[in-house]
Every structure is written in C-alpha cells, then in structure tokens.
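Everything quoted here is computed from the prediction, not taken from an experiment. Chain identifiers are assigned alphabetically (A, B, ...) following the order of the sequence lines, protein sequences preceding nucleic acid strands; residue numbering begins at 1 within each chain. Just so it is clear, the values below take in all heavy atoms, side chains as well, and ignore hydrogens, waters and symmetry mates.
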There are 2 protein chains.
Amino acid sequence: MTAVEDGLRLETRERPSHGTARDLVAEAIDTGALVTVVGRCTVDYEGRASSTLGPGERLVMLKPDGAALVHTDEGQQPVNWQPPDCDHEARLADGHLVVESHRETPEEHLRVDFEAVLEVSAYGLTDERDLSLEGTEEDLRQRILDEPHLIEEGFVPLATERGTPAGAVDIYGEDAEERAVAVELKRRRVGPDAVGQLGRYVDALERDLHADREVRGILVAPSVTDRASRLLAERGLEFVPLTPTGGTADD
Amino acid sequence: MTAVEDGLRLETRERPSHGTARDLVAEAIDTGALVTVVGRCTVDYEGRASSTLGPGERLVMLKPDGAALVHTDEGQQPVNWQPPDCDHEARLADGHLVVESHRETPEEHLRVDFEAVLEVSAYGLTDERDLSLEGTEEDLRQRILDEPHLIEEGFVPLATERGTPAGAVDIYGEDAEERAVAVELKRRRVGPDAVGQLGRYVDALERDLHADREVRGILVAPSVTDRASRLLAERGLEFVPLTPTGGTADD
DNA sequence: CGATGAATATCGGGA
DNA sequence: TCCCGATGTTCATCG
C-alpha cells in the first residue's frame, strides 16, 4: 500500500549542515510550520527562574503559535520549554545552529545551542482540535444539579460559582431545614488543600450572611485522605462520596 | 559545512505506507528509540477520564521510557498523552497504522488511529539530563536559613519541614520573644490558597503545643494578591516580601 | 504504593 | 491584564 499525495507539507533533512539546518528552521518559522530539530545540544533558560543544561541528545519542537519544547528520551514533561506567543529565531553562532525563543511579560529567553544536528523536519499541520473530554469536575457539577438528592434528601441548589470574599463556591444551596450549604467539588480523591478551600468559603459565607446564620460545608469527591478527613471533622465540615461519572470510588 | 558521522541512530521514512510505518515504529519501540509519527489521525483515551479527538494533523511522540505525547500545532501541552512506564504498540487495523499505549494502576489506554502518515522517524538518543535550576522555593529556603534576619530581627530557625497534623511547615522557628513561628514559603506571588495552607499549619501547631502558647504565622513570597492580603489580616497572619534570588519583587 | 506539596506548572474563564 | 481555581495536572520526596 502506498501513501497518496495528501497536500500535507513536509520538509526533512537528515544530518544537515548547520547552515542548511538554520535555513530550513528559519523558513519553517516564517511559513508557520511546526519544526523539530534533533541533535546534541546545550540549553539555557532565563526568566521566571533560570536553568542550564549540559550537552545531551534531545528533540526540540517549535510550534507556529510560538511555543517551544525541549524533550529528552525520558519524561512526559519537557526538560525546558517556552510558552506560546514567543518569537522563535534560528541563527548560526560559531558555526553552530542556535535556536532561540523569547517573550516579554514576563521577560523570558530560551537558547538551544546544537553541536550536532541529526535531523530537521518542518511540518505544515492543521487541526480542528475538537477534544471531547468526560469525567471532569464540570460533569460532577451537572450530575448534582440534575439529581440534588445525591447530596442529601431535601438539598436545593440555588447558585453555582456563587461569589464570596474568599472566592467562588462551586454550588451554593439550602438543606431541608433552609440552612445555607456550601458545596465544594473535586473530580478525584482529595487532600488537606480542598478542606482548606471549603473552610475558607464557609467562613466567608458566615461573615457575609448574618452572623447568627449557620452555614454547612460539604466536600463532594470520590474519596478523601485520612488527614483531610481529620481536618474536616475538626472544622465541622462534611463529606459526600461521589464520582463525576457515577462509577464507584476506586480508592 | 558538512555534518560528520556522530554515531547517533536515525531512521526516517517520508510518506511511508502504513505497513512500512508500522514496521518502523514497532522496531523502534523494541530497540529503545524515541519515535515521532506525523500524520492525520484520531485519538481516543480512556482511564482517569475519557476523551475523543476527531481527525486532525498531529505529531505523536513515543519515548523509550514509555511516555506518549500527542501534539497539535498549538499549545505547550499535548492534547493527549500517556505517562512514562506505559507499553507502546504499533499495529495495522483496517489498513491503518494504529499506535496504542497502555498501563495499569491506574488502568489507562491511549489509541491513535492514522488515516495518513506524513513521516515516521526513530531517534536513538542518550542524555545525561543534568539540569541545573535556580530561583526555586528551595533557593528561598536556603536564603532565609543563611540570613534569618531577612524574616525579622531575632528570628531563629529551628527546623525545616516540621511535621504537624495538618502537614509540614516549611520553616519552624522562634522570634526574639521565643514565640513559635511558622513560615510558609512561595517562590512567586501568592493567592488565597497559600494563606489557607499557612493557616492550617498555625492551627495545627496551636493544638500541638500547649493551648496557651501563641503561634505566629508568616507568609514569605515576592508579593500577595489583594484577596490573600485580606485573608491574612482576618486570620492574624503576617507577610514578609522576599524573592528566591534576592531580586526585587516584580508584581 | 499512597500522601503531600512544588512547579519556569499550563490553561481557561471572569472581572 | 490580573486573579483564581481546575487539571486525565506531572513530579520528587517521604513514610
């Protein structure tokens, strides 16, 4: 089976000279292609923090939206990077291909200096990027709004993202006895941080509403850690086990 | 200028047949090479959540440590991925190259189905990966341990990462009047979450120590947001502006 | 293996 | 633009 012509743009050079590599990278940046450069290089970053990386073999990706990624043979995360909206540049310095990426606000600069270039490729890519994702906190919220009794019998949601001086409450409502209820949602097992978050909202609501009005705080998540459970008890907060999808909590 | 032979392994096919692509990807996985496959594809993920991605042109990277990345032409983050320690597999299905990546604990599966393959490359990469990074929270901690007066005159650090029922305090110490002090460090401007964190530690320490002993809580960061500042005041906590590097706080 | 919190976190929504 | 919180966060460290 032979691949048919498909209109996808592609330009590749194996083991190019540094000059050829520079020209191809520079052209690809200009034409809005996605570029990969693989070779032995050093990397320097200066900006929100600063870092240096000694010689090693890596894959550098330059995206047309201005993002830059330096990947080694290990790890899901790039060892160095630059966020979108940066300006990329390819140049020769001391006979080496040097790729630089820069932005302001904040001032950040990435420099990759190649001592050997294994391959340079430029791809003209287009993507609709219509990702459909399920199992998020949003799904959990909708599930509760559809079936409020999942929280408890008589629970009535009154607002989502209700503002307080401490931040927005995921779901604000009332229980069967018309007590105010703040619900904090998490799509996965939670630790102490989520308890602190809920506690801040409850405190803020108790200040906001009349001081004599009781405010219940309910954490909704598949499960909680021991420490979080203890913190909930200390603060008089409650926990309701629930998953975004309706599956069992697999902790 | 011509690149010299450098021992770096490289295997590339432009617009290969799906069968050729499958063979090359499978061999590269076996030999521990880093693989890139560029082409038009759909992506399905099922695991901690689930997602589907319709047809589009993307770059798929398979790392020898088991990580997988699907990158579009936009964004610093991959649109889909799989963490390290997954098992990669390349197969033909309905004449299409299909790349799959799987792991257990948790059960997660990624499937990329190519309808067109623009290029397949396999790179044999090695990397020492000796990244040196400055400007981290660790740097801020060391700066304070070296010069405790940066917190205030008379401050004495007694422990780092001191355990409490609510978590570990970054720096625990005493002030000039021998009051207990909990210090929470952040390398950058902080919001309400950091105040909640510090508050939990202070509460826990006040329970741990004798109830009559006052515990001061000090947040150390380049700057704070308005809301965080208000929360600090409400809880009787303090703020000391300080950067990891000693530079000025650029908020 | 789980828990905990840092990160050049990134990303999207809202004011 | 900044603030704020979610994320299939990932990652290192510690118990």
Quiz item: When all nucleic acid strands are considered with a 4.0 Å heavy-atom cut-off, which category describes G135(A): base, sugar-phosphate, or nothing?
Solution: nothing
Exercise. Would you mind telling me which of dC4(D), dG2(C), dG8(D) lies closest to the side-chain atoms of L110(B)?
Key: dG8(D)
Practice problem: Mind checking E184(A) for me? I need base, sugar-phosphate or nothing, with any heavy atom below 4.0 Å counting as a touch. | Solution: sugar-phosphate
Quiz item: Taking OP1 and OP2 of dT9(D), is either one under 4.0 Å from a side-chain nitrogen or oxygen of R187(A)?
Solution: yes
Quiz item: Reckon Y201(B) has a side-chain N or O less than 4.0 Å from the OP1 or OP2 of dG5(C)?
Solution: yes
Practice problem: Can you tell me the distance, in whole Å, between the CZ atom of R162(B) and the C1' atom of dG15(D)? | Solution: 17 Å
Quiz item: So what does S50(A) touch, heavy atoms closer than 4.0 Å: a base, only the sugar-phosphate, or nothing?
Solution: nothing
Practice problem: Show your reasoning for whether salt bridge (Lys or Arg N to Asp or Glu O under 4.0 Å) applies to D170(A) and R141(A). | Solution: CA-CA 8 Å; D170(A) 283 337; R141(A) 179 171 72 85; over 6 Å; no
Quiz item: Of A168(B) and A49(A), whose nearest nucleotide on DNA chain C comes first from the 5' end?
Solution: A168(B)
Exercise. May I have the distance from E108(B) (atom CD) to dT9(D) (atom P), rounded to whole angstrom?
Key: 9 Å
Practice problem: For the side chain of K186(A), starting at C-beta, report the closest nucleotide among dA6(D), dT1(D), dC4(D). | Solution: dA6(D)
Practice problem: With the side chain of R200(B) defined as its heavy atoms from C-beta on, choose the nearest nucleotide among dA3(C), dG5(C), dT10(D). | Solution: dG5(C)
Quiz item: Side-chain N or O of R48(A) less than 4.0 angstrom from OP1 or OP2 on dT10(C)?
Solution: yes
Quiz item: What is the nucleic acid contact for D226(A), judged by heavy atoms within less than 4.0 Å: base, sugar-phosphate only, or nothing?
Solution: nothing
Practice problem: Could you check which of dA6(D), dA7(C), dT10(C) has an atom nearest any side-chain atom of T136(B)? | Solution: dA7(C)
Exercise. Report which part of the nucleic acid S51(B) touches: base, sugar-phosphate, or nothing (heavy-atom distance under 4.0 Å, all strands).
Key: nothing
Quiz item: Mapping E137(A) and G191(B) onto DNA chain D by nearest heavy atom, which one lands closer to the 5' end?
Solution: G191(B)
Quiz item: Quick one: on DNA chain C, does R103(A) or V190(A) contact a more 5' nucleotide (nearest heavy atom)?
Solution: V190(A)
Quiz prompt | Under 4.0 angstrom between R189(A) side-chain N/O and dG2(C) OP1 or OP2 | solution = no
Quiz item: Is A166(A) touching bases, backbone alone, or none of the nucleic acid, heavy atoms closer than 4.0 Å?
Solution: sugar-phosphate
Quiz item: Taking 4.0 angstrom as the limit, do E137(A) and R187(A) come out as a salt bridge?
Solution: no
Practice problem: Please determine, for the side chain of R188(A), which listed nucleotide (dT9(D), dA7(C), dA6(C)) has the closest atom? | Solution: dT9(D)
Self-check item: Q142(B), CD: over 12 other non-hydrogen atoms inside 6.0 angstrom
Solution: yes
Quiz item: Which part of the nucleic acid does P106(A) contact within heavy-atom distance under 4.0 Å: base, sugar-phosphate only, or nothing?
Solution: nothing
Quiz item: So what does G47(B) touch, heavy atoms closer than 4.0 Å: a base, only the sugar-phosphate, or nothing?
Solution: nothing
Exercise. Rounded off to whole Å, could you give me the CG-to-P distance for the L131(B) and dT8(C) pair?
Key: 9 Å
Quiz item: Ignoring hydrogens and angles, are the base of dG5(C) and the side chain of Q197(B) linked by a donor-acceptor pair under 3.5 Å?
Solution: no
Quiz prompt | Residue D130(B) excluded, over 12 heavy atoms near CG under 6.0 Å | solution = yes
Quiz prompt | Contact under 4.0 Å: W81(B) side-chain N or O vs dT10(D) OP1/OP2 | solution = yes
Self-check item: Pair E152(B) + R216(B), salt bridge at N-O below 4.0 Å
Solution: yes
Quiz item: In whole angstrom, what separates Q76(A)'s CD from dT10(C)'s P?
Solution: 14 Å
Quiz item: Looking across every strand, which nucleic acid part, if any, lies under 4.0 Å from N80(A) by heavy atom: base, sugar-phosphate, or nothing?
Solution: base
Quiz item: In whole Å, what is the span from the CG atom of L133(A) to the C1' atom of dG12(C)?
Solution: 13 Å
Quiz item: Any idea which of dA9(C), dC11(D), dG8(D) is nearest the P84(B) side chain?
Solution: dC11(D)
